[in-house]
Amino acid sequence: YGASHVTFTRHLARQGNVGDIVAKDDSQMTVAHLLGTASGVALLAASHATPFLFADYTVLVPIHFAATIALVRSARFEVLHQANLALICHDFVVSASKTAAASTEKIPADGSSALDPVAAIAAAAAAAAPTAVDSIPTMDDLEPRLTWFGEWLPAGSRVADVRLGGRFEPGSLTSAEIADVLDAMQYESYLITWTGARIHIALRVGAGPRDIIKAYLHATRLHHDALANAPPATTPTAPPAAIANATADTSATTADSAAASAATTPRLTTTLLRASKTWADAAWPSFLAGLTKKGWRTDAVFFGDSDGSRVDWTPVDDGGGSDDPATGRKGG
């Protein structure tokens, strides 16, 4: 109770009336303690026999634990943490991608377009995002998709593998790729790198909750684009004779399965990073409005920020003090 008391109080104090909530809570706890003391005295008055007291303890302790678990399960906070944020971003990205794919049928057959690739990505995201807002799940929608009191993703969840917070991780990037990442992300409040299929998000000094939400949206889109651009897995067709002897050659089957799995591993590149950033910049206003519409709070994000590490960098001035068109931040 002591560890969670402050969280419950802040959640219930919708109008900033923390003092009123605390006073009512303490008075109710006092009454509950008095009732518990009276119940204990009544049991002692009934009998002092050791078997009777141990029998009471055996019956009442499970009831106490069951009531506590029921309390924790019924306490529902519309705050974002890494598990529900991963599912929300995944659903939004998938829905927006399907809407954008459907809209490509309107593009001329010759592929001609008046927009450059970057502008085309932004235009597609801006057009698809408002429709995808409806796919953002509510707390009720996510309840069956989370485990351990809604704090963990079940095994096998098909979401991006993201490590949020912590120190800057160069991962598997070369020096040239790191420079490209810094150039692409210089005006943001986060950096994205990767090791294999795992995406690392390093937060900038002063990054707030909404920066974290946007970083996760960006990372989810990057993962989605990497999967979409991965070569399809191919399974070689075996002749009848090989099929007859398949049970005797388990090593070959294992090798084929490993090759197929490697073929579908997302391949992250700085080109995809830039494209996904363009998409995230265009979709961000609609996504943020959708979170508010579905009842999610965007003023706090809970995640395993154990060491509180942050990074910082200085945007490169091109000589003219150019601004980032997406965020409006000044160059220099």
Q. Which distance, rounded to the nearest 0.5 Å, do you find between the CH2 of W296 and the CG of L85?
A. 9.5 Å
So, using side chain to side chain contact (heavy atoms under 4.5 Å, CB included) as the criterion, who are the partners of [X] when residues are at least two apart?
X	value
T195	H200
P170	F168, I178
T131	T99

Q.
With a 4.5 Å cut-off on side-chain heavy atoms, are L87 and H90 touching?
A.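 Contact flag for H90/L87 side chains = no.
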Q) Can you check side-chain hydrogen bond (donor to acceptor under 3.5 Å, both in side chains) on D141 and T138, steps first, answer last? A) CA-CA 5 Å; D141 298 330; T138 62; 3.1 Å; yes
Q. Taking a hydrophobic cluster as the set of Ile, Leu, Val, Met, Phe, Trp and Tyr residues connected by side-chain heavy atoms closer than 4.5 Å, whether directly or through intermediates, do W313 and I212 fall within one such cluster?
A. yes
Q: Decide, yes or no, whether a salt bridge links D134 with K294 under the criterion of side-chain N to carboxylate O below 4.0 Å.
A: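 So D134 does not pair with K294 through a salt bridge.
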Q: Just jot down the salt bridge (charged side-chain N to carboxylate O under 4.0 Å, His left out) partners of R274, sequence neighbours excluded, or say none.
A: D180, D183
Q: Not counting sequence neighbours, list each pair that qualifies as a ring-ring contact (aromatic ring centres under 6.0 Å, His included) and has a residue in residues 54-73.
A: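 Of all non-adjacent pairs touching residues 54-73, none passes ring-ring contact (aromatic ring centres under 6.0 Å, His included).
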Q) For S189, which of L203, V205, D211 qualifies under side chain to side chain contact (heavy atoms under 4.5 Å, CB included)? A) D211
Q | Smallest separation among heavy atoms of I136 and F92, with atom names | A | CG1-CD1, 4.0 Å
Q: Kindly state each residue pair satisfying side chain to side chain donor-acceptor pair (under 3.5 Å) with at least one member in residues 161-170, sequence neighbours excluded.
A: D161-R198, R167-D307
